[in-house]
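Computed from a predicted model, the values in this text were never measured in an experiment.
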Amino acid sequence: MNAGAGALTLPALFRYGLFGLPLAMLALPIYIYVAPFYAQRSSLDLAQIGAVLLAARIAAAFIDPALGAWMARGGRAYAVYVAISLPLLLLGFGALFHPPAMQEAATLAWFLATLLLVYTAYGLASIAHQSWGAALTQARAQRARVAAVREGCGLLGVILAAGLTAVFGYDGLSLAFAICLLASGALLLARAPRPAVHARAQAPSPGGWKVPFRQRAFRWLFAVLLVNGVAAAIPATLFLFFASDYLRLGHYAGPFLIVYFCAAAVSMPVWVALARRFGEARAWGGAMLLAAAVFVWAYGLGAGAAWGFAAICLLSGLALGADLALPPALLAGLIGAAGHAERHEAAYFGWWNWGVQMSLALAAGIALPLLAWLGYVPGQGGGLPALSAAYALLPCVLKLLAALLLWRAPLQHIYTHTTETRICAS
């Protein structure tokens, strides 16, 4: 099916976007649950877990641009890469969360190897899926809709993963992930809308991996992504520790996450409408300011403050909807305005995912060892002031810095591929 202007109906977008659900079911555990999982179920300490996460995420960060360049150079349909990723995703997830009983050194090796497999498979699937969506349309009114449907399905996957883990544990989550992955993958490959022009399949792009950083606007947007990504990754990495040890509300961790991601899902149409009215960059900047203004209050909470933290989860979740829907739409517009639609999407999203992975690597590799050095040991009550500051204050400072960078970035002129404007390399 080709994606003409009339083909991008909501059901058609749903057939495309549903694949984001199992990808998010995978992303939540590897970004939030994996550190506490190995801290509780293995002999590894927090510093070792942080070191493995840092090493794996740095390696994954360099794998993603290589995957994007390989896909851009190969010139195959994005569906081919999605199909390749499916068995790798199943194998990696199962191995990561069902490790055999081993000695400490073997556990470290298993943890690192399975993380690398998961990150590689996830990178292949997500780059192909995001590039597929970016190639569907360059209409400003449609870009945010495509991203919002995909990310909205992703939020449903996150909510489902949080609920399943809380009720059925990792065995139930693994089974549900496998079913959702295979079902949505089959729907995507068989019925989803595809780009109307397949220029990329006819003209491979050697050297295309260099193209994104020749664009001044992309360099600015990439800097915003890195700073904003670290701001988001620090509380994601520390969430379970903060909820369990600082608030002493670990039994409410699942409901808190569900409130947070439900709020993000509900806010998606609002952010799409604001992006249509003011542009993706201005709407995203407003969301960053909202997130900082709300999240800073987490620092003042005390043990047992369930309602206060739930309110923060609700309000900061509203801002998360913009973080999910607007940056990919802004990047899609940048690609089109540069004249690279349907040729270089994979190269752009390969570097984009590099930035995401580097943000996660910095968050885990800095925050966890730093907290261990400051005396925080999970479950033992020490170092709680440092945990609170790292969780609540540092992300707000970074959010404000990201908003400043976005305000100064040369992005306001990005609208559609059909306009006269083009982004110039400097």
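- A donor-acceptor contact shorter than 3.5 Å links the side chain of His129 to the backbone of Tyr16.
- A distance-only check finds a donor-acceptor pair linking the side chain of Ser85 to the backbone of Val82 [under 3.5 Å].
- Scanning both residues, Phe19 and Ala125, for their nearest heavy atoms gives CE2-CB, 4.1 Å.
- Side-chain contact between Leu331 and Phe218 is present, with at least one heavy-atom pair separated by less than 4.5 Å.
- Listed for the Ser316 side chain is no donor-acceptor partner under 3.5 Å among the backbone atoms of Ala291.
- Separation of atoms CG (Leu226) and CG (Leu221) is listed at 10.0 Å; rounding is to 0.5 Å.
- Across Leu26, Thr114, Leu91, a single residue satisfies side-chain contact (heavy atoms from CB on, under 4.5 Å) together with Leu96, and that is Thr114.
- The shortest distance between side-chain heavy atoms of Pro327 and Trp352 falls below 4.5 Å.
- A 4.5 Å side-chain heavy-atom check between Leu182 and Leu90 finds at least one atom pair inside the cut-off.
- Met288 contributes atom CE, which lies 11.5 Å from atom CG of Leu398 (distance to the nearest 0.5 angstrom).
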TODO: Output, in order, the C-alpha distance, side-chain angles, deciding distance and verdict of side chain to side chain contact (heavy atoms under 4.5 Å, CB included) for Tyr119 and Ile30.
DONE: CA-CA 9 Å; Tyr119 284 141; Ile30 63 174; 3.7 Å; yes

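- Across Glu151 and Pro328, no two heavy atoms sit closer than the pair OE2-CG, 4.4 Å.
- Of all non-hydrogen atoms in Leu406 and Gly285, the two that sit nearest each other are CD2-N, 3.4 Å.
- Within the 4.5 Å cutoff, side-chain heavy atoms of Phe222 are placed close to those of Leu225.
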TODO: With side chain to side chain contact (heavy atoms under 4.5 Å, CB included) as the test, would you mind laying out the steps for Leu160 and Cys180 before giving the verdict?
DONE: CA-CA 11 Å; Leu160 182 61; Cys180 292; 4.2 Å; yes

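- With sequence neighbours excluded, the residues forming a side chain to side chain contact (heavy atoms under 4.5 Å, CB included) with Ala79 are Trp132, Leu189, Arg194, listed by chain and number.
- Rounding to the nearest 0.5 angstrom, the gap separating the CG atom in Leu117 from the CG atom in Leu89 is 8.5 Å.
- A ring-centre distance under 6.0 Å is not found for Tyr391 and Phe241.
- To the nearest 0.5 Å, atoms OH (Tyr299) and CG (Leu393) are separated by 5.5 Å.
- At least one donor-acceptor pair under 3.5 Å links the side chain of Tyr246 to the backbone N or O of Leu301.
- Atom NZ in Lys399 sits 10.0 Å away from atom CZ in Phe295 (nearest 0.5 Å).
- Under a 3.5 Å cut-off, the side chain of Ser388 and the backbone N or O of Leu384 do not form any donor-acceptor pair.
- Side-chain atoms of Leu124 and Met71, non-hydrogen and from C-beta on, do get closer than 4.5 Å to each other.
- Of all heavy-atom pairs spanning Ala292 and Cys396, the tightest one is O-SG, 3.7 Å.
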Task: Pair Tyr252-Leu247, side chain to side chain contact (heavy atoms under 4.5 Å, CB included): steps then yes or no - done: CA-CA 10 Å; Tyr252 289 133; Leu247 296 177; over 6 Å; no

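- When atom types are taken as modelled, the side chain of Trp271 and the backbone of Leu318 share a donor-acceptor pair closer than 3.5 angstrom.
- When all heavy atoms are compared, the tightest approach of Ser174 to His98 is OG-CE1, 2.7 Å.
- Residue pairs meeting the salt bridge (Lys or Arg N to Asp or Glu O under 4.0 Å) criterion with at least one partner in residues 26-45, sequence neighbours excluded, do not occur; the list is empty.
- Separation of the Tyr170 and Phe37 ring centroids falls under the 6.0 Å cut-off.
- Looking at heavy atoms from C-beta onward, Phe168 lies out of side-chain contact with Leu175 at the 4.5 angstrom threshold.
- Shown here for Gly68 and Ile127, the closest heavy-atom pair between the two residues is N-CD1, 4.2 Å.
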- [ ] Could you please spell out the steps behind the side chain to side chain contact (heavy atoms under 4.5 Å, CB included) verdict for Leu188 and Leu18?
- [x] CA-CA 8 Å; Leu188 175 70; Leu18 188 62; over 6 Å; no

Open item on the list: Does Phe97 form a ring pair (Phe, Tyr, Trp, His ring centres under 6.0 Å) with Phe93? I'd like the steps, not just the answer.
Closed with: CA-CA 6 Å; Phe97 285 100; Phe93 187 90; 5.3 Å; yes

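- With rounding to the nearest 0.5 angstrom, the CG atom of Leu181 is 10.0 Å from the CG atom of Leu21.
- Residue Trp70 places its CH2 atom among more than 12 non-hydrogen atoms of other residues, nucleotides or ligands, all under 6.0 Å distant.
- Residues Leu155 and Met268 form a side-chain contact, since some pair of their non-hydrogen atoms from C-beta on lies under 4.5 Å apart.
- No side-chain heavy atom of Pro99 sits less than 4.5 Å from a side-chain heavy atom of Thr107.
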